[in-house]
Amino acid sequence: MPVETIEVPVSPPYPVLLGDGLDPAEAVSGNLRPGACVVLTDSDVGPLHADALRLSLEAAGWRVLGVAEVPAGEASKGIGTYADAVGRLARLGLTRDGTVFALGGGVVGDLGGFVAATFMRGVDLVMLPTSLLSMVDSAVGGKTGLDLPEGKNLVGAFVRPRAVVADTGWLRTLPETEVSNGLAEVVKMGLLSGGEFFEDLALVPEARSGDPEALRALIRHSVRFKAAVVAEDEREGGRRAILNYGHTIGHALEAAADFALPHGAAISAGMVAAAGLSRQRFSTDLTALHEELLRSAGLPLRSPGVDADAALEAMSRDKKRSVADAPTDHRFVLLRDVGHPVYGVPVDEAEARRAIGALVG
Ligand SMILES: NC(=O)c1ccc[n+]([C@@H]2O[C@H](COP(=O)([O-])OP(=O)(O)OC[C@H]3O[C@@H](n4cnc5c(N)ncnc54)[C@H](O)[C@@H]3O)[C@@H](O)[C@H]2O)c1
Ligand SMILES: [Zn+2]
C-alpha cells in the first residue's frame, strides 16, 4: 500500500507519513538528509522494532550512534529518566546537527520530544509512534512533557518534529488493551468532528480486532482532525481545548486511582459523564450513543471503586493550572451535538460531584 502524507499546516509544516510495512528512513528522506542520530525507545518496543529501524537508517546512510532504551511505562516520563537520556546522548557524541528518532508510544514520544527540544538547545526530532494512542494523538501537535511527583506533564515544551512516521505494521505487536486505549481517543475525536469521521466510527469493532484497513481509516481521520485543530490553535489559547473532551473527569479518575487506571479507560468514563452533563445543558441525549461506541472499543463506561472525594480534589488541583478559570466552577468541554463541541462550559462543584458519583458507585 502506498505511503500517505498528511501535512500538519503549522509553520514550518511537517508531514505525518502513514503506511503499512514502510521503510522509515526512505519515508523521511524528503524531509531530512542522513547524518548522525540516536534512536530512543523503551524496553517493550526496542526488542521488537529497533533492529529493523537501525537497518533501515543505516541502509539509507544514517550513522546510528546508539539505541537508548528506557524502561517501558509512565514512570519513564520523569526527570530521572530524562537526565539519564540526555547524558546518554552526550556520551554517544550526538551534536547540534544530530537527530533523535523517538520509537515508541506516547511515553517515548513525550520524553524523546522533550529530550530533542532541550539537548544542546534543540536537535532534530522524528516521531515514530508505535502505539495506536501515539499515532492518533500524542505524536501529532507538538506537545512534549515530563511528569513531576507533583503532577503529570508539569514540565514540557512545544516542539515541531521534522516528520512523524506511523507504520500500522507496528500495531501488530500492540497488546489488545492498548488498542482499546487508543480507540478511546479515536472515539473522542470522531464525536468532536462529526461528518464522515463520525460515520466511520462504525469501523471501531474491526479496528479493535486488528483489521489494518479499519485501523488505517481511523488513524487517517484522527490525524487529519487533530492536525486541523492544532493548525488553528497550536499553543492551546482556545479551540485546541476541545481535545480535552472527557479528560476533565478522566484525569481526575486517573489521579484518584494513582494511575492504576489506564488513560483510555479513564477518559471513556469521563466521556460518559460529559455526555450526561451535555444532556442536562443542551437537551440533546447522546449518552446511549457514547455507551455503544465506547463498549464497541472494549472500554469500560464506569470506574467503580475509585474514591469520589479524591477525584474531586484532583479536579480542583488540575483547575488551578488554568488561569482562565472562575474561582468556583470547573470548566468542561461538552457536546451540543455530534460535531458541535463547546469548551469552557462552567460546571459547579455539586454537578461535578454528582457526575463523578454516578461513575464510581
Ligand atoms: N503529547 C501529547 O499531546 C499527548 C497526548 C496524549 C497522551 N500523551 C501521553 O502519552 C502517554 C501515553 O501514551 P501510550 O498510551 O502510547 O503509552 P505508552 O507509551 O506507555 O505505551 C503503552 C505500552 O505499550 C507498549 N507499546 C507501544 N507500542 C508497542 C508496540 N507496537 N508493540 C508492543 N508494545 C508496544 C509500550 O512499551 C508500553 O508498555 C501518556 O504519558 C500521556 O500523557 C501525550
Ligand atoms: Zn487523552
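Positions are given from 1 along the sequence. For the numbers below, each heavy atom of this structure counts, side chains included, while hydrogens, waters and symmetry mates do not. Remember, predicted model here, so these are calculated numbers, not experimental data.
- Taking both residues in full, the closest heavy atoms of L359 and L301 are given as CD2-O, 3.8 Å, listed atom of the first, atom of the second, then distance.
- Residues I249 and H330 fail the side-chain proximity criterion, which asks for heavy atoms closer than 4.5 Å.
- A donor-acceptor contact shorter than 3.5 Å is absent between the side chain of N153 and the backbone of D147.
- L48 and V70 fall into different hydrophobic clusters, where Ile, Leu, Val, Met, Phe, Trp and Tyr residues are linked whenever their side-chain heavy atoms come under 4.5 Å apart, directly or through other members.
- For the 3.5 Å distance criterion, the side chains of H49 and T173 qualify, holding a donor opposite an acceptor.
- No donor-acceptor pair closer than 3.5 Å links the side chain of D258 to the backbone N or O of A260.
- You'll find the side chain of V107 reaches within 4.5 Å of the side chain of E74, heavy atoms only.
- By the criterion of side-chain heavy atoms lying less than 4.5 angstrom apart, applied directly or through intervening Ile, Leu, Val, Met, Phe, Trp or Tyr residues, L133 is not grouped with L174; the two fall into different hydrophobic clusters.
- Under the 4.5 Å side-chain criterion, counting only non-hydrogen atoms from C-beta, L289 is in contact with F198.
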What's the verdict on side-chain contact (heavy atoms from CB on, under 4.5 Å) for F119 and V100, showing C-alpha distance, side-chain angles and the deciding distance?
-> CA-CA 10 Å; F119 183 70; V100 170; over 6 Å; no
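- R54 contributes atom CZ, which lies 12.0 Å from atom OG1 of T41 (distance to the nearest 0.5 angstrom).
- A distance of 8.5 Å separates OG of S138 from CD of E185, quoted to the nearest 0.5 Å.
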Please test E234 against R160 for salt bridge (charged side-chain N to carboxylate O under 4.0 Å, His left out), starting from the C-alpha separation and ending with a verdict.
-> CA-CA 10 Å; E234 195 179 14; R160 296 194 186 107; 2.7 Å; yes
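- For the pair R63 (side chain) and A36 (backbone), a donor-acceptor distance under 3.5 Å is absent.
- Here the side chain of S278 pairs a donor or acceptor atom with the backbone of L335 at under 3.5 angstrom.
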Trace of the side-chain contact (heavy atoms from CB on, under 4.5 Å) decision for E291 with V272 | CA-CA 7 Å; E291 290 176 7; V272 171; 4.3 Å; yes
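- Using a cutoff of 4.0 Å between basic side-chain nitrogens and carboxylate oxygens, E236 and K143 are scored as salt-bridged.
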Determine, step by step, whether L103 and W170 satisfy the side-chain contact (heavy atoms from CB on, under 4.5 Å) criterion, reporting the C-alpha distance in whole Å, the side-chain angles of both residues, the deciding distance to 0.1 Å, and the verdict.
-> CA-CA 10 Å; L103 174 74; W170 288 324; 4.0 Å; yes
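- Classified by interplanar angle (parallel below 30°, tilted 30° to 60°, perpendicular above 60°), the ring pair F197/H221 is parallel.
- Of the inter-residue distances, the one linking R96 atom CZ with M120 atom CE reads 9.0 Å to the nearest 0.5 angstrom.
- Within the 3.5 Å criterion, the main-chain N or O of P300 finds a donor-acceptor partner in the side chain of S268.
- Relative ring orientation between Y82 and F114 is described as tilted, the plane-to-plane angle lying within the 30° to 60° band.
- Shown here is E58, whose CD atom has more than 12 heavy atoms of other residues, nucleotides or ligands within 6.0 Å.
- Taking the side chain as every heavy atom from C-beta outward, D42 and S76 never approach each other to under 4.5 Å.
- Note that CG of L312 and CZ of R353 are 5.0 Å apart. Values are rounded to the nearest 0.5 Å.
- Annotation for G104 and S134: closest pair O-OG, 3.7 Å, computed over non-hydrogen atoms.
- Criterion: ILVMFWY side-chain heavy atoms under 4.5 Å apart, direct or through other members. Under it, V165 and V67 are part of a common hydrophobic cluster.
- A continuous path of ILVMFWY side-chain contacts below 4.5 Å connects I79 to L89, so both sit in one hydrophobic cluster.
- Closest heavy-atom contact between L253 and S303: CD1-OG, 3.6 Å.
- Atom CD of E26 sits in a sparse spot, with 12 or fewer heavy atoms from other residues, nucleotides or ligands closer than 6.0 Å.
- Under the 4.5 Å side-chain criterion, counting only non-hydrogen atoms from C-beta, L40 is in contact with L111.
- Considering every non-hydrogen atom in both P24 and L53, the closest pair reads CG-CD1, 3.7 Å.
- Between the T144 side chain and the F158 main chain, no donor and acceptor come within less than 3.5 Å of each other.
- At a threshold of 4.5 Å between non-hydrogen side-chain atoms, the residues T284 and H340 do not count as touching.
- The existence of a salt bridge linking D97 and R33 is excluded, since no basic side-chain nitrogen approaches an acidic carboxylate oxygen closer than 4.0 Å.
- Between V38 and V115, the closest side-chain pair of non-hydrogen atoms is not below 4.5 Å.
- Of the possible polar contacts, none joining the T81 side chain to the K77 backbone as a donor-acceptor pair under 3.5 Å is found.
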Give the intermediate values and the outcome of salt bridge (charged side-chain N to carboxylate O under 4.0 Å, His left out) for residues R216 and E213.
-> CA-CA 5 Å; R216 177 121 168 204; E213 291 297 320; over 6 Å; no
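- For the residue pair P341 and V333, the shortest heavy atom distance occurs at CB-CG1, 4.4 Å.
- Between the CG atom of L243 and the NZ atom of K188 there is a distance of 5.0 Å, given to the nearest 0.5 Å.
- Between the side chain of N244 and the backbone N or O of H247, no donor-acceptor pair lies under 3.5 Å.
- Salt-bridge formation is not detected for the pair R354/E351: no Lys NZ or Arg NE/NH1/NH2 atom is positioned less than 4.0 Å from an Asp or Glu carboxylate oxygen.
- Contact record, P15 with T5: CB-CG2, 3.7 Å, taken as the closest heavy-atom pair.
- For N181 (side chain) and G264 (main-chain N/O), a donor-acceptor pair under 3.5 Å exists by modelled atom type.
- A continuous path of ILVMFWY side-chain contacts below 4.5 Å connects L218 to V140, so both sit in one hydrophobic cluster.
- Separation of atoms CG (D124) and OG1 (T99) is listed at 4.5 Å; rounding is to 0.5 Å.
- At a threshold of 4.5 Å between non-hydrogen side-chain atoms, the residues M189 and V136 count as touching.
- Between the R302 side chain and the G361 main chain, a donor and an acceptor come within less than 3.5 Å of each other.
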Candidate pair R172 and D20, rule side-chain contact (heavy atoms from CB on, under 4.5 Å), full reasoning = CA-CA 10 Å; R172 287 190 197 105; D20 187 353; 2.9 Å; yes
